[in-house]
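Contents: one structure, followed by commentary.
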Amino acid sequence: MKPYYLDYASTTPIDKRVLSEMIPYLKERYHNPSSMHLSAIANKKAINEAREKVARAIGATPKEILFTSGGTEAINFAIKGFALKHPNKKVIITTAIEHKATLKTVAFLETLGYQAIYLSADKEGFIDLEELNNHLNEDTLMVSIVYANNEIGTVQDVEAIIRMCHEKKIVVHLDAVQAFGQIPIDVKALDVDLMTLSSHKFYGPKGVGALYVKTGIELEPIIHGGSHENNLRAGTENLSGIIGMGKAAELVIAELASIQKHYRELQADFHARMIETFPDVKLIGAPLGEKRSFNHLSYSFTGIKGHELHYQLAKLGISVSTGSACSANEITPSHVVQAIHLEEERQPCVIRITFGKYSKLKDHPQIIRLFQKAITELKA
Ligand SMILES: Cc1ncc(COP(=O)(O)O)c(C=O)c1O
């Protein structure tokens, strides 16, 4: 059975060029970057080169990049770290369609006495800028928004959001985990304050991410220990992971134009085939175009459950997702499809298909045939 991987938003395979840069740091270059001997100092230098690569990829300066254990930790650090450093303000604004890393971080802060405002989203997954504006005031601590939604692919108008927040001097954190590697991001042009990246979403290794912290923005550390990462994030560095993330960031930016072109072709072709083959299928989230992730399609069906289709497809060698992979074992409709008010009967029938640079257009006819087989079997 030939496997077809259509779950790149969940994670990407590592690029071979990234892996080969990492291997020496797992073997002979194992030295602790905090030690003072020569090999260790060379490793510290290698970390700072990786930091430069990540910084360059988003238009930041190296000292504005802090390495973390991934997107989840970077989000926790951005929100908790900023909240703890600025205890005089207690209102956090976010949206009802965030990744769980944001929602649970904010919910945790609510247990400590913070107040959370969850902005609503329309049927396509866009937040209402007027609603945001109405909530911004002197009590607002910060705004945290997902740039490109992992479940429905909607890309928010982050320029307008940041402009609006800055008019009232309110700090913005962007969860750019799904956006980076698809959309060119220049943190200086955007003027964003805090931004989260995760390496395994752009052909780098898992378990490493970064938080961009604009010069002048102060955070309280949330992981205590040694003086790593400029005294802000303790713990011996994930040396090979950081080297890999640096290389992955460098490659994805160098190849962004061709990646975008490939994603768009895959997306347009697959979508055309889906709507032609399954008349009852409904695209969820923003329409194809600039306001949707280029590698992302999410559909709802009628009369079949998303998790059953997911399982049936898996038996035929196709990997998709029923929403956020992090909540894949929950069979209740995801918080995102509920928040965008998808018709109730369609809510449990959602699947997500995401492409990547190793996806092949020529596989689409066979994948669609396997979808037909899976759906026919489920409806039988
Ligand atoms: C939008 C978004 N934010 C945050 C995360 C968490 O990132 P990580 O897997 O690196 O912890 C994910 C992962 O799926 C995501 O899609």
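Reckoned from all heavy atoms, side chains included, excluding hydrogens, waters and symmetry mates. Numbers here are sequence positions counted from 1. In listed order, ligands and their atoms are each counted from 1.
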Flag the pair T196 / H173 as yes when at least one side-chain heavy-atom distance between them is below 4.5 Å, and no otherwise. yes

Measuring from non-hydrogen atoms of H200 to any atom of ligand 1, is the shortest distance under 4.0 Å? yes

For the residue pair H364 and Y4, confirm or rule out a side-chain donor-acceptor distance under 3.5 Å. no

Under a 4.0 angstrom heavy-atom cut-off, which atoms of ligand 1 come close to G71? 7 (O), 8 (P), 10 (O), 11 (O)

List every atom of ligand 1 that sits less than 4.0 Å from any heavy atom of S198, numbering the atoms from 1 in the order shown and giving each element. 8 (P), 10 (O)

Going by the closest heavy atom to atom 3 (N) of ligand 1, which one wins out of T11, D175, I75? D175

One finds that the ligand 1 atoms under 4.0 Å from a non-hydrogen atom of Q178 are 1 (C), 15 (C), 16 (O)

Pick one of side chain, backbone, both or neither for how V177 approaches ligand 1, counting any non-hydrogen atom pair under 4.0 Å. side chain

If we only count heavy atoms from C-beta on, is the F355 to L297 side-chain gap below 4.5 Å? yes

Would you please determine whether K201 falls within less than 4.0 Å of ligand 1 on a heavy-atom basis? yes

Check each atom of ligand 1 against the heavy atoms of G70 and keep those under 4.0 Å away; list them by number with element. 10 (O)

Do the non-hydrogen side-chain atoms of Y147 and D175 ever get within less than 4.5 Å of each other? no

Side chain proximity check, L136 to C165, heavy atoms < 4.5 angstrom: yes

Spell out, as yes or no, whether a donor-acceptor pair under 3.5 Å connects the side chain of H296 to the backbone of N150. yes

